Visitor: 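This is the structure I want to talk about, given as structure tokens.
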Amino acid sequence: MMKAKVPFFDLANQFKSIEDEIKSVMDEVFQTQQFILGSKVQVLEETIAQYCRTREAIGVASGSDALLLSLMALGIGMGDEVLLPPFTFFATAGSVSRLGATPVFVDIDPETFNIDPSKIVEKVTSRTKAIIPVHLFGQCADMNPLLEITKEKKLFIIEDAAQALGAEYKPKAGSEGRRAGQIGDLGCFSFYPTKNLGAFGDAGMVVTDNPDLAEKVRLFRTHGSQPKYFHKWIGINSRLDTLQAAILLVKFKYLEKWTGERQKKAERYQLLLQDLLPCVKGLRLPTVQYQNRHIFHQYVIRIPERDRLRQFLTEEGIGTDIYYPLPLHLQECYSFLKYRRGDLPHSEKASEEVLALPIYPELTEDQQMMVVDRIKAFYGKR
Ligand SMILES: Cc1ncc(COP(=O)(O)O)c(C=O)c1O
């Protein structure tokens with residue numbers, strides 16, 4: 001019997017569909033021999049600012065650096081505390097620690113996997129300077145309660161929108177949705193190759209409506225130098241490559257179409273997996289909160305016997321992944337913060353139960369049927 005083959009992601013297929021365009025812009029860059037920043041980066045910055053509906057966008061070397069530079073622009077450092085969820089990629093907390101500040105972990109809402117606003121106030125101290133909500137898997141965190149808290153407590157918000165380019169927060173029907181990155185003081189994006197808009201290497205972007213913060217991020221990404229070789233600030237090297245910008249500009253033209261495809265696949269999973277819900281105890285499908293625009297960077301189900309299911313799917317040739325197997329408060333490098341298992345139970349439980357299924361624009365209907373078919377076979381419900 002032929003084994004089903006559904007990779008967890010398939011960048012090669014996407015590349016094939018735009019190969020000629022990509023090669024042609026790369027050649028253009030080779031001809032100019034300009035590789036750092038430059039007009040392509042500027043055009044990409046304008047494009048992303050317009051897409052996120054912000055005044056400014058600053059291209060940087062990665063999503064991790066976008067977070068680091070945003071924190072630097074806000075002057076966050078030694079002795080400061082920053083609130084963030086532990087159920088996220090390491091960079092959300094690592095950037096805080098790199099500056100000598102302390103990440104303070106706040107548990108998540110188990111429905112959305114995003115920071116639980118009702119758990120924030122109890123963690124605010126006189127040292128708290130900012131909150132970093134993460135728009136995990138492509139859905140915005142519940143931002144209105146956060147905005148109220150930060151207004152009252154005079155805190156900053158940095159949105160970790162690394163997985164959420166084009167996502168919208170829309171708590172009420174009829175109102176205009178606000179774009180990820182547009183809502184807090186600064187928004188951070190990653191163009192890591194597997195992101196919805198992925199470069200051919202590392203790349204990232206900071207967006208903001210605040211021209212002073214934009215200016216600081218811009219200076220900090222080039223060692224704080226202005227004019228060249230005169231340093232008003234101590235920055236880092238985090239410039240965006242011209243080649244990456246050229247590639248991202250090509251891919252950007254397809255982003256809305258690709259997002260639509262992801263949303264369609266998510267809907268299809270939802271429909272096809274529905275009939276398992278009454279018979280599989282503990283199975284949960286992703287939920288879209290409010291009228292949000294979820295861009296489905298990942299389609300993540302929850303299931304108590306996650307590891308056994310994953311093993312079965314791997315044997316059947318179906319790729320899956322786990323985001324994230326250990327919440328950050330329990331990571332070895334943070335043992336000095338003295339968190340214990342049980343402190344943030346929703347994040348811990350999510351780490352044991354989540355399973356990301358293949359979702360990408362090029363995933364065919366047949367492939368998707370195979371994924372569902374194999375999940376149903378695992379539960380004996382074909
Ligand atoms: C939630 C989150 N934050 C930050 C990052 C860091 O981005 P990068 O890998 O571009 O440094 C990522 C990407 O992997 C992410 O998923």
Side-chain angles (χ1 to χ4, degrees), residues 8-9 11 41 44 48 52 57-72 82-99 103 105-106 108-109 112-115 130-141 143 157-167 180-181 183-184 186-207 217 220-221 236-241 243-245 247-248 251 262 294-300 321-329 331 347 350-351 354 356 359-360:
F8 182 60
F9 55 81
L11 291 174
V41 171
L44 181 69
I48 296 295
C52 294
I58 308 100
V60 298
S62 67
S64 303
D65 274 5
L67 289 161
L68 186 71
L69 289 159
S70 296
L71 289 158
M72 288 167 74
V82 178
L83 308 186
L84 53 100
F87 192 64
T88 175
F89 180 64
F90 184 75
T92 320
S95 55
V96 173
S97 302
R98 290 284 305 137
L99 295 171
F105 297 109
V106 179
I108 55 163
D109 169 351
T112 61
F113 304 111
N114 286 328
I115 194 165
I131 306 177
I132 311 183
V134 181
H135 304 322
L136 206 68
F137 305 142
Q139 170 162 233
C140 285
M143 295 299 288
I157 295 183
I158 298 172
E159 295 172 67
D160 183 340
Q163 302 184 7
L165 184 63
I183 310 166
L186 299 126
C188 301
F189 293 97
S190 163
F191 302 123
Y192 183 79
T194 55
K195 293 287 191 278
N196 290 27
L197 179 63
F200 284 14
D202 278 316
M205 187 80 65
V206 176
V207 298
V217 172
F220 282 138
R221 81 173 163 182
I236 58 174
N237 170 13
S238 186
R239 301 169 300 216
L240 178 59
D241 287 350
L243 261 177
Q244 300 301 350
I247 291 163
L248 288 166
K251 291 180 99 179
R262 283 173 181 273
H294 193 322
I295 56 139
F296 285 99
H297 171 57
Q298 297 295 349
Y299 184 89
V300 175
D321 214 331
I322 296 170
Y323 304 113
Y324 297 91
L326 186 67
L328 301 186
H329 66 290
Q331 296 285 345
S347 302
S351 287
V354 286
I359 190 163
Y360 37 91

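Keep in mind that the numbers below use all heavy atoms, side chains included, and drop hydrogens, waters and symmetry copies. Start at 1 and go down the list; that is how both ligands and their atoms are numbered. Predicted model only: the values in this text are computed from it and were never measured.
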Visitor: I need the contact type for S64 against ligand 1. Using non-hydrogen atoms and a strict under-4.0 Å cut-off, is it side chain, backbone, both or neither?
Guide: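 Near ligand 1, S64 shows its backbone as well as its side chain.
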Visitor: Show your working on side-chain contact (heavy atoms from CB on, under 4.5 Å) between Q298 and Y323 and close with a plain yes or no.
Guide: CA-CA 9 Å; Q298 297 295 349; Y323 304 113; 3.4 Å; yes
Visitor: Any side-chain heavy atom of V300 sitting closer than 4.5 Å to one from V354?
Guide: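 Side chain of V300 against side chain of V354, heavy atoms only: contact under 4.5 Å found.
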Visitor: Considering only the protein, which heavy-atom contact is closest to atom 5 (C) of ligand 1, and what is its distance?
Guide: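 Here the nearest protein heavy atom works out to F89 CD2, 3.5 Å.
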Visitor: Could you check whether any side-chain N or O of D321 sits under 3.5 Å from a backbone N or O of F8, counting only pairs where one atom can act as donor and the other as acceptor?
Guide: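 Side chain of D321 to backbone of F8, a donor-acceptor pair under 3.5 Å: no, none is there.
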Visitor: Can you sort out which atoms of ligand 1 are near T88, meaning under 4.0 Å from one of its heavy atoms?
Guide: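 Close to T88: 1 (C).
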Visitor: Test side-chain contact (heavy atoms from CB on, under 4.5 Å) on T194 and Y360; report intermediate values, then the result.
Guide: CA-CA 9 Å; T194 55; Y360 37 91; over 6 Å; no
Visitor: Distance under 4.0 Å to a non-hydrogen atom of A162: what atoms of ligand 1 satisfy this?
Guide: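 Near A162, meaning under 4.0 Å from one of its heavy atoms, ligand 1 has 2 (C), 3 (N), 4 (C), 5 (C), 12 (C), 15 (C).
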Visitor: Can you confirm whether or not the ring centre of F113 sits under 6.0 Å from the ring centre of F87?
Guide: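 Yes, the ring of F113 comes within the 6.0 Å limit of the ring of F87, centre to centre.
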Visitor: Would you check whether S190 has a nitrogen or oxygen atom less than 3.5 angstrom from a nitrogen or oxygen atom of ligand 1?
Guide: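 S190 vs ligand 1: N/O contact under 3.5 Å present.
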Visitor: Does some non-hydrogen atom of K195 fall short of 4.0 Å from ligand 1?
Guide: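 For ligand 1, residue contact (heavy atoms, under 4.0 Å) with K195 is present.
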Visitor: Could you walk me through whether S351 and I322 pass the side-chain contact (heavy atoms from CB on, under 4.5 Å) check?
Guide: CA-CA 8 Å; S351 287; I322 296 170; over 6 Å; no
Visitor: Looking at atom 3 (N) of ligand 1, what's its closest protein heavy atom, distance included?
Guide: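 Here the closest protein heavy atom is D160 OD2, 2.8 Å.
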Visitor: Which of the numbered atoms in ligand 1 are under 4.0 angstrom from any heavy atom belonging to V134?
Guide: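 Near V134, the atoms of ligand 1 are 1 (C).
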Visitor: Counting only heavy atoms not in F200 (residues, nucleotides, ligands), do more than 12 fall under 6.0 Å from its CZ?
Guide: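 Yes - once you tally the heavy atoms of other residues, nucleotides and ligands closer than 6.0 Å, there are more than 12.
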Visitor: Can you check whether G63 has an N/O within less than 3.5 Å of an N/O in ligand 1?
Guide: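 N/O-N/O distance below 3.5 Å exists for this pair.
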Visitor: When only distance counts, is Q163 in polar contact with ligand 1, meaning an N/O pair under 3.5 Å?
Guide: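 Yes: some nitrogen or oxygen of Q163 is under 3.5 Å from one in ligand 1.
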